[in-house]
**Q** 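Could you have a look at this structure, given as structure tokens, before my questions?
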Amino acid sequence: MFGLFKKKEEAAVSPEEKAASVFDKLGGAPAIDAAVDIFYRKVLADDRISQFFDTIDMEAQHVKQKAFLTMAFGGPNNYSGKDMRAAHKGMNLTEVHFNAVAEHLVGTLQELGVGQEDIDSVVTIAVSVKDDVLNQ
Amino acid sequence: MSSISSWLTKRLPSKRAKTIEFAGSTTSLQENESVLDGLLRAGHQIPYGCRGGSCQSCMMQCTQGDIPAPAQQGLTAAQKELGYFLACSCTPQSAMAVALKPPAEKVIAPIIDKQQLNDDVVQLRVKAELAYRAGQFVKLFRNGVVSRSYSLASVAGIDDYLEFHIKRVEGGKFSTWAYDELAIGDEIALEGPSGECFYSVTDPQQPMLLAGLGTGLAPLYGIVRDALLNHQHQGPIQLVIGARTSEQLYLLSELQALASSHSNLTVHCIAQHVTAAPRPIEQANIYEFCQQLVPDCKGYKVFLCGADSFVKKLKKQCFLAGANMADISADAFVANG
Ligand SMILES: Cc1cc2nc3c(=O)[nH]c(=O)nc-3n(C[C@H](O)[C@H](O)[C@H](O)COP(=O)(O)OP(=O)(O)OC[C@H]3O[C@@H](n4cnc5c(N)ncnc54)[C@H](O)[C@@H]3O)c2cc1C
Ligand code: HEM
Ligand code: FES
């Protein structure tokens, strides 16, 4: 699995800090648990991107989506830009895929009753890793 | 008891507070240090990823001591019951003993019964002392070399033997031997238990859907009896068992008897090809059948057992139909597992 025995790296800087409050405002880790089922269900039902997530092991994928949401919500994580490149390498992701994921991220937050301002800061984080995710 | 001893028991743990026993050595945690950080500092190799409680790379098992609640955030009820926790999110208040993997127990035990359940499936009963939960599986060994996983159909506290349902796979190394040669009185080595597909008491009123294909019935037969007989589960239980042909379904009278004595249990027997007429067997596709039976899985506890492809497909179907991921337990009978 990606990330095993990885050296601890210094956390990256600003956009995370800006939205760190979203993770906390939502209620921290328990909120991620609530969000991940909603998000993952949306993603699996979306033909534009379901093929990336409809893989061998749903549990493992579910856990990765949790890592994804924790990061997007500005929660504690140690992923660097390099990690993000590695995690999404070889998938040939495009703008279309990225937008679909961002859409479901926003939809999930709306379903959870999160306010627009907080949704905006989550989107800011997502956009900040876009180049890495798309390996551009 | 005397106040001195109660004073002592209150005092001792905090005095020796926050020591972690792992792999034969003891590490003292510093203030606010996580188990993961402490063990890494002491030079142990522990897998990890996010250090934030979300990737679950650092999952360990607690063999002694109390697990703080945040360290089990996001784990399934079964994982919690097994004492699993996330080392990166665990800052204990008192001493703990932890392990990377559940220590496997190996025992050698005699076969005490062997019965034909249908043309392809044999039931083995083994007399062994083993702490397990119904629905978990063990590794069975043939001459100490070939080993395969088989699910426990027996229930601890009710059956005083371990029961297995083994389907004969043509050309299979273990199953043909078990089916053709293994005899009552022979001894067999087994190792385990493992697996997280078992009933855990969370909400006795929760509706349950159990679906199994072929010998996928084995773990479900254990789980459903564990829920009803050991834990008095009250919520409605739908048990769906399927097979290619109606002759391949087995234990039907036992299941009907169980359903007659428990009004909250309904058993559905379905086959793609129905030949044997008088039995309560429906001709149906198991995926469509489950979809119609429980169109909305929201709030359901789901157990799925049997062939890998079946488990995966139905797991996705149930998840998309609203079941929480943490409420879906599954055992996929992957070949050579
Ligand atoms: C967690 C778990 C629980 C399991 N529980 C049970 C159980 O309760 N009852 C049970 O009968 N089995 C169960 N299995 C499957 C079992 O472990 C063996 O894989 C199976 O019995 C075949 O072993 P074998 O040595 O006879 O065949 P092998 O020598 O391993 O395989 C021979 C050939 O048959 C193929 N093959 C393997 N399995 C099947 C199959 N089911 N159908 C068609 N072809 C197959 C293989 O790919 C191979 O080509 C379980 C597996 C797992 C992982
Ligand atoms: C919006 C910004 C995104 C962020 C912040 C993000 C973040 C992450 C993270 C943290 C992981 C887990 C890495 C690991 O520990 O293994 C991950 C994995 C993954 N991501 Fe993303 N991701 C983003 C966009 C996307 C997009 C657009 C797609 C495809 C449509 C995608 C598909 C995947 C897949 C398939 C995995 C699992 C890889 C594996 O199985 O190893 N991600 N992502
Ligand atoms: S390191 Fe990711 S959950 Fe502990």
Side-chain angles (χ1 to χ4, degrees), chain A residues 1-11 16 20 23-24 27-47 50-51 53-80 83-84 86-87, chain B residues 34 36-37 40-41 44-59 68-79 86 88-90 100 196-197 297-299 302 304 308-309 311-332 334:
Chain A
M1 187 181 158
F2 174 77
L4 297 193
F5 299 110
K6 190 170 52 175
K7 282 234 177 64
K8 182 168 177 146
E9 287 166 39
E10 287 312 310
E16 281 88 354
F23 179 80
D24 294 333
I32 300 291
D33 286 338
V36 71
D37 273 348
I38 301 174
F39 176 73
Y40 191 25
R41 211 172 272 129
K42 285 185 192 296
V43 161
L44 273 182
D46 184 338
D47 290 342
S50 62
Q51 77 267 22
F53 299 90
D54 196 2
T55 45
I56 355 105
D57 187 344
M58 265 183 90
E59 272 87 17
Q61 195 55 253
H62 189 257
V63 167
K64 292 207 169 162
Q65 296 324 302
K66 228 151 131 177
F68 160 74
L69 288 180
T70 304
M71 182 173 177
F73 290 0
N77 72 83
N78 274 298
Y79 292 111
S80 63
D83 293 336
M84 282 299 94
Chain B
S34 71
L36 177 66
D37 289 338
L40 292 174
R41 180 172 50 77
H44 294 291
Q45 282 265 28
I46 312 287
Y48 66 92
C50 69
R51 290 194 193 224
S54 65
C55 75
Q56 301 191 355
S57 306
C58 65
M59 203 182 314
Q72 291 187 312
Q73 178 59 49
L75 303 193
T76 64
Q79 289 170 329
L86 302 176
C88 71
S89 310
C90 183
L100 268 183
E196 295 163 13
C197 186
C297 289
K298 200 169 177 164
V302 179
L304 308 171
D308 203 22
S309 54
V311 164
K312 266 165 207 154
K313 188 165 170 190
L314 200 52
K315 189 191 284 181
K316 184 176 169 193
Q317 183 178 312
C318 290
F319 177 68
L320 289 176
N324 285 329
M325 205 60 187
D327 281 334
I328 306 178
S329 306
D331 253 344
V334 281

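Just so it is clear, the values below take in all heavy atoms, side chains as well, and ignore hydrogens, waters and symmetry mates.
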**Q** Measuring heavy-atom distances to chain A, does B/Ala330 have an atom under 4.5 Å in its side chain, in its backbone, in both, or in neither?
**A**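 For B/Ala330, there is no contact with chain A at all, as no heavy atom is under 4.5 Å.
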**Q** Atom NE2 in A/His62, atom CG in B/Asn324: separation rounded to 0.5 Å?
**A** 8.0 Å
**Q** Are the side chains of A/Met58 and B/Met325 in touch, meaning some heavy atoms are under 4.5 Å apart?
**A** yes
**Q** Between A/Gln65 and chain B, with a heavy-atom cut-off of 4.5 Å, which part of the residue counts as in contact: side chain, backbone, both or neither?
**A** neither
**Q** Could you name each residue pair satisfying salt bridge (charged side-chain N to carboxylate O under 4.0 Å, His left out) that touches residues 27-37 of chain A, not counting sequence neighbours?
**A** A/Asp33-A/Lys66
**Q** Should the ring pair A/Tyr40 and B/Phe319 be called parallel, tilted or perpendicular, given that the plane angle runs from 0 to 90° and is split at 30 and 60?
**A**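 It falls in the tilted class, 30° to 60°.
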**Q** Using the rule given for side chain to side chain contact (heavy atoms under 4.5 Å, CB included), can you reason through B/Leu320 versus A/Arg41, listing the C-alpha separation, both sets of side-chain angles and the distance that settles it, and then say yes or no?
**A** CA-CA 6 Å; B/Leu320 289 176; A/Arg41 211 172 272 129; 3.7 Å; yes
**Q** Could I get the full list of side chain to side chain donor-acceptor pair (under 3.5 Å) partners for B/Lys316, not counting sequence neighbours?
**A** A/Asp54
